Amino acid sequence: MDREAAVIRWGLCCQFLDSPIKFRTATHRYVASLRSRVARRYLADISRHNAQALIQAVERCHQLGIGAFRITSQILPLATHPESGYTLEQLDPSGEVEATLHLVADLADQLDVRLSFHPDQFVVLNSERETVVRSAVQELELQAGIAEMIGADVIVLHAGGMGGGTSAALERLERGLPLLSSTARERLALENDDRCFTPRDLLPLCERTGVPLVYDVHHHRCLADGLTVEEATARSSATWGDREPYAHLSSPRDGWSSSNTRAHADYIDPADFPDAWLGRTMTVDVEAKAKERAVLAVMASVGHPEQSEGWRSK
DNA sequence: GCATGTCAAGTTGTG
DNA sequence: CACAACTTGACATGC
């Protein structure tokens, strides 16, 4: 009978610092200045480049012992833009990009690199404005489609705005869930943020709907709710059922006693790694500006806590 | 080559 | 009321 040892799966967010792997982006203003055939070729180039970069990213993570990778929302830049937008079929009629994305799925599976998405702040499923909700659904569906192709099992979303108060906002969020396809809905996870929604706010919704909670301990420390880190860890982990729980870790750039504790530091201060996470099996995305260097550093320091004395990011 | 100004989107909180 | 802060670069352009 083999029983897997409890272990943290460390995750890198979106980009590399030292490794020569770059994801390209595009701006609407520039694309709009091109003739349509040129624009399509330009965007097709970028999507081919980014799909290849994703293969390299998965390989590089594996080489470094990094077990998770968050994919940039710009992987297919402007895909959902009202004017410059496109479908993968239009952009890539030969299916080359799609074939590469299927290779990513095989590779990530083989190398055991967990892939996720994290739509950015413009994606607000609980907005009071209908048009905003519609574009949020559109963006989530796009990312879900890519997620399905590459085998990403998580799309992490902030709960959104607070218009009308916390309970009204949470109700709107819950009403937004059925607007999603099963592909998107099955991958959706919510994250506590540092301004509006705490774990205590979100856990009941997560427990009731089956949408798991990604526990961001830095946000929780910025916006406390009476739950201890231990309690929030246990309850959020439980929302993942049989799946591996997901959490976020970062350190404040200017320290915990500064006026701005929200900005992220280059590295993780080992003191910020919660004791409650020791001995757990979970994925921890490292949100730090020094990217893979920071992931490797925190892996080493948590693995050898006796050596972390006096260790500082700056 | 290198510096510069600009970039789709929402929401909150500060000045 | 206007604007920065979030994830923060990366891009094309102009010198």
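Residue numbering restarts at 1 for every chain, and letters A, B, ... go by the order of the sequence lines. Below, each value reflects all heavy atoms present in this structure, side chains not excepted, and no hydrogens, waters or symmetry copies. As the structure is a computational prediction, the values presented were derived from the model and not from experiment.
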What nucleotide among B/dG10, C/dT13, B/dA8 has an atom nearest to a side-chain atom of A/Gln121? B/dG10

Taking the nucleotide of DNA chain C with the nearest heavy atom to each, does A/Asp120 or A/Tyr42 sit closer to the 5' end? A/Asp120

Name the nucleic acid region contacted by A/Gly160, choosing base, sugar-phosphate or nothing; use a 4.0 angstrom heavy-atom cut-off, strictly under. nothing

Ring geometry between A/His118 and A/His248 (parallel below 30°, tilted from 30 to 60°, perpendicular above 60°): tilted

Atom CG in A/Leu78, atom OH in A/Tyr42: separation rounded to 0.5 Å? 8.5 Å

Within the 4.0 Å heavy-atom criterion, would you say A/Ser84 contacts the bases, only the backbone, or no part of the nucleic acid? nothing

Quick one: label A/Gln15 by what it contacts on the DNA or RNA (base, sugar-phosphate, nothing), any heavy atom closer than 4.0 Å. sugar-phosphate

Using the aromatic ring of A/Phe122 (for Trp, its six-membered ring), decide whether it stacks on the base of B/dA9 within the limits of 5.5 Å and 30°. yes

For C/dG14, give its Watson-Crick or G-U wobble partner with both distances under 3.5 Å, or none. B/dC2

A/Ile75 side chain reached by A/Phe23 side chain, heavy atoms, under 4.5 Å: yes

Between C/dT7 and B/dG13 - P atom distance, rounded Å: 16 Å

With P as the reference atom in both, quote the distance from B/dT6 to C/dT8 in angstrom, rounded to an integer. 23 Å

Touch check for A/Ser135, heavy atoms < 4.0 angstrom, all strands: base, sugar-phosphate only, or nothing? nothing

Short side-chain N/O contact from A/Lys291 to OP1 or OP2 of C/dT8, under 4.0 Å: yes

If you check every side-chain atom of A/Thr25, which of C/dT13, C/dC11, B/dC7 has the closest atom? C/dC11

Could you check whether A/Asp194 gets within reach of a base, just the sugar-phosphate, or nothing at all, counting any heavy atom under 4.0 Å? nothing

Determine the Euclidean distance between corresponding P atoms of C/dA12 and B/dA8; express it in Å to zero decimal places. 13 Å

Nearest to the A/Arg195 side chain among B/dT11, C/dT8, B/dT12, which nucleotide is it? B/dT12

In whole angstrom, what separates A/Arg134's CZ from B/dG10's P? 13 Å

Would you mind reading off the distance between A/Leu78 atom CG and C/dA12 atom P, rounded to a whole angstrom? 12 Å

Using whole Å, report how far NE2 of A/His264 lies from P of C/dA5. 15 Å

Nearest-nucleotide check on DNA chain C, A/Arg24 vs A/Cys13; residue mapping nearer the 5' end is A/Cys13

Test the A/Arg280-A/Trp10 pair against the cation-pi criterion, namely NZ or CZ under 6.0 angstrom from the six-membered ring centroid and within 45° of the ring axis. no

Rounded distance in Å - CG (A/Asp193) to P (C/dC6): 14 Å

Is C/dT7 syn or anti, taking syn as a glycosidic angle within 90° of 0? syn

Taking a pair to mean Watson-Crick or G-U wobble geometry with both distances below 3.5 Å, C/dT7 pairs with none

Pairing partner of B/dA8, by Watson-Crick or G-U wobble and under 3.5 Å for both distances, is none

Euclidean distance, A/His62 NE2 relative to A/Ile66 CD1, rounded to 0.5 Å: 12.0 Å

Check every strand shown and say whether A/Cys196 touches a base, only sugar-phosphate, or nothing at a heavy-atom separation below 4.0 Å. sugar-phosphate

Kindly determine whether A/Asp112 and A/Arg9 satisfy salt bridge (charged side-chain N to carboxylate O under 4.0 Å, His left out), including the steps that lead there. CA-CA 10 Å; A/Asp112 191 26; A/Arg9 175 196 298 274; 3.4 Å; yes

Need one value for A/Ala26: base, sugar-phosphate or nothing, where a base atom within 4.0 Å counts as base even if backbone is also close, heavy atoms only. nothing

Nucleotide nearest A/Met162 when distance is taken to its side chain, options B/dT12, B/dG10, B/dA8: B/dT12

